[in-house]
Amino acid sequence: KKQLKYGAQYKGKREDAAMQKWRSNRFGQFIHWGLYAIPGGEWKGKTYPYAAEFLKSSAHISNATWDSLSYKFNPVKFDPKAWAKMAKNMGVKYMTITTKHHEGFSLWPSKYSEFNVANTPYKKDIIGALVKAYNSEGIDVNFYYSVLDWHHPDWRYDIQSKEDSIAFSRYLNFAQNQLRELAENYPTVKGFWFDGTWDKSIKKNGWWTLKIEKMLKEIRPGVVVNSRLRADDFGSRHFDSNGDMMGDYESGYERRLPSPTDTQVIHRDWEACMTIPENQWGYHKKWDISYTKTPFELIEMLAQTTSLGGNFLLNFGPQADGMIRTEEQQIAETIGNWMKINHPAIYNGGYAKGWQRQDWGYFTQNEKDKKLYAIVFNIPISGILKIQTPEGVSIGKASLLENTNSKITIKEIAKRQINLYLPKQSFPAPFVIVLDTANENKNNYIDAKT
Ligand SMILES: Cc1ccc([C@@H]2N[C@@H](C)[C@@H](O)[C@H]2O)cc1
């Protein structure tokens, strides 16, 4: 074990109320909004297939040209209440908004940088409006903040000279001031989601990342900080040089999930963030420029994440005019219709210890009502759902969540092996079975001798 000054500050999961709320939320809405929504992946008549929020680099656009987009930022149709209503109907319990992405443009009237929403035709505080609207719908708000900043003259990718270190220490102070401003001015903020922390300049300044985590937790006790902020004494990120996770949850699952049997993730809090297109976080004018995931694919990702004790953060990229594109609205509605019936399997849901993952779907254990849920995506041709129960546990009753009168026949076919016989009906959507479990130690079975 190395002696670390800037490593993990504690081991195991936080069990305080704020973290338990963060964990129980399970399903969140990511929002990427900034100047990049104006060009929407197109520049001088050319379409760039890369992530739209990276257009500045894919189209080799100068800072001066990119920054002048701020003179065009005027989302006249922006209605934060409508966004919050859509999110509520979709069934999210939290939202994470880009306060400043890599472009360096701040969506709040920051005192520390002119490059912000106050100096645009729109003028108004977008962050403040979103916090108010989402909190009124009972949705927690977290702030995404990119430490990487293409606009700020003192940003450095690496520290290779005295001048670099002088400039970069100015930058770190600037970022600290902005983060203090966000934590102080928006007191209901529940978490900080750091991005843009992979460069050598940050890895050489792990001390700053701990200082920021401590500052935010001092200003906003209970606030939740992702592992991606943190680098330790030796530049190790997410996990320190002793292998201990830094920050409050692991945030390395971006556009990917752990495999359903990768149960090492259950020992810590974690979150997966996901795009609907293959790789677009900001608005891209061409929705079909890449594969876009269907609602059922997204619901399965939510179920898989919950079954492994993680949070699922689904991304939306609003248009420059402030509207959410219709494709995203429709997906939000379909997911919301599913959540209205099946949310007991998701909210407060977590890993169901000892219940073997099956091909037909996922188990979640509700931390509150302790009920066991089976979320079914793939009905076997046999119509039989096979279940392997933990030692000494049997299934007393099984019924469809959306119709608890529907009896599902249970048959124990061997030691710890159960067949569930589905009712003869169509299942046009993924569905949930509620399982009442009972402890039972009778053992009528004889193992083979081999
Ligand atoms: C190589 C790369 C850098 C930054 C990103 C940013 N992280 C996501 C959460 C988005 O903000 C994306 O722009 C993605 C890929």
Side-chain angles (χ1 to χ4, degrees), residues 27-41 43 48-61 66 69 92 94-107 126-127 130 141-152 155-158 175 178-179 182 191-203 209 224-231 237-238 247 249-258 270-285 289-290 292-293 298 301 305 310-320 328:
F27 185 27
Q29 178 192 31
F30 215 163
I31 297 177
H32 276 71
W33 205 27
L35 301 179
Y36 41 76
I38 298 170
W43 195 258
Y48 291 79
Y50 313 109
E53 73 283 358
F54 270 85
L55 181 68
K56 181 178 183 289
S57 46
S58 10
H60 311 295
I61 299 165
W66 187 265
L69 287 170
V92 296
Y94 70 105
M95 182 273 277
T96 301
I97 174 72
T98 49
T99 60
K100 184 192 84 169
H101 200 257
H102 310 331
E103 64 182 4
F105 177 71
S106 299
L107 288 183
I126 284 173
I127 296 302
L130 284 171
V141 174
N142 303 318
F143 290 154
Y144 164 110
Y145 184 86
S146 173
V147 181
L148 164 62
D149 188 317
W150 297 331
H151 168 87
H152 198 288
W155 165 260
R156 292 293 184 279
Y157 289 96
D158 192 3
Q178 283 207 311
L179 289 160
L182 284 169
F192 282 80
W193 205 104
F194 286 91
D195 202 9
T197 49
W198 41 77
D199 290 301
K200 285 186 186 146
S201 53
I202 298 293
K203 290 160 82 168
T209 70
V224 177
V225 174
N226 67 337
S227 62
R228 196 178 297 199
L229 163 65
R230 304 277 275 96
R237 297 185 56 240
H238 292 274
Y249 64 95
E250 207 269 313
S251 60
Y253 291 103
E254 178 172 318
R255 291 172 43 239
R256 67 186 176 98
L257 297 183
W270 63 281
E271 178 194 69
C273 59
M274 192 57 66
T275 51
I276 298 175
E278 185 274 330
N279 183 12
Q280 300 291 339
W281 298 92
Y283 174 79
H284 196 293
K285 283 177 180 159
I289 199 160
S290 67
T292 53
K293 300 169 191 75
L298 296 167
M301 290 180 172
T305 301
N311 281 16
F312 187 65
L313 185 63
L314 182 60
N315 185 71
F316 287 70
Q319 300 171 176
E328 290 181 349

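Atoms within each ligand, like the ligands themselves, are counted from 1 in listed order.
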Contacts of Tyr145 that satisfy ring-ring contact (aromatic ring centres under 6.0 Å, His included) - sequence neighbours left out: none
Partner set under side-chain contact (heavy atoms from CB on, under 4.5 Å) for Glu254, not counting sequence neighbours: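 Glu254 satisfies side-chain contact (heavy atoms from CB on, under 4.5 Å) with Trp193, Arg228, Cys273, Trp281 only.
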Listed partners of Lys293 passing side-chain contact (heavy atoms from CB on, under 4.5 Å), at least two apart: Met274, Thr275, Tyr291, Glu297, Leu298, Met301
Donor + acceptor pair across side chains of His101, Tyr144 (<3.5 Å): yes
Heavy-atom side-chain contact between Ser57 and Tyr50 under 4.5 Å: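 Counting from C-beta outward, Ser57 and Tyr50 never come under 4.5 Å.
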Interatomic distance, Lys285 atom NZ to Ile38 atom CD1 [nearest 0.5 angstrom]: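 Lys285 NZ to Ile38 CD1: 10.0 Å, rounded to 0.5 Å.
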Set of residues that line ligand 1, where lining means a heavy atom lies under 4.0 Å from it: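 Residue list for ligand 1: His32, Glu53, Phe54, His101, His102, Tyr144, Trp193, Asp195, Trp198, Glu254, Trp281.
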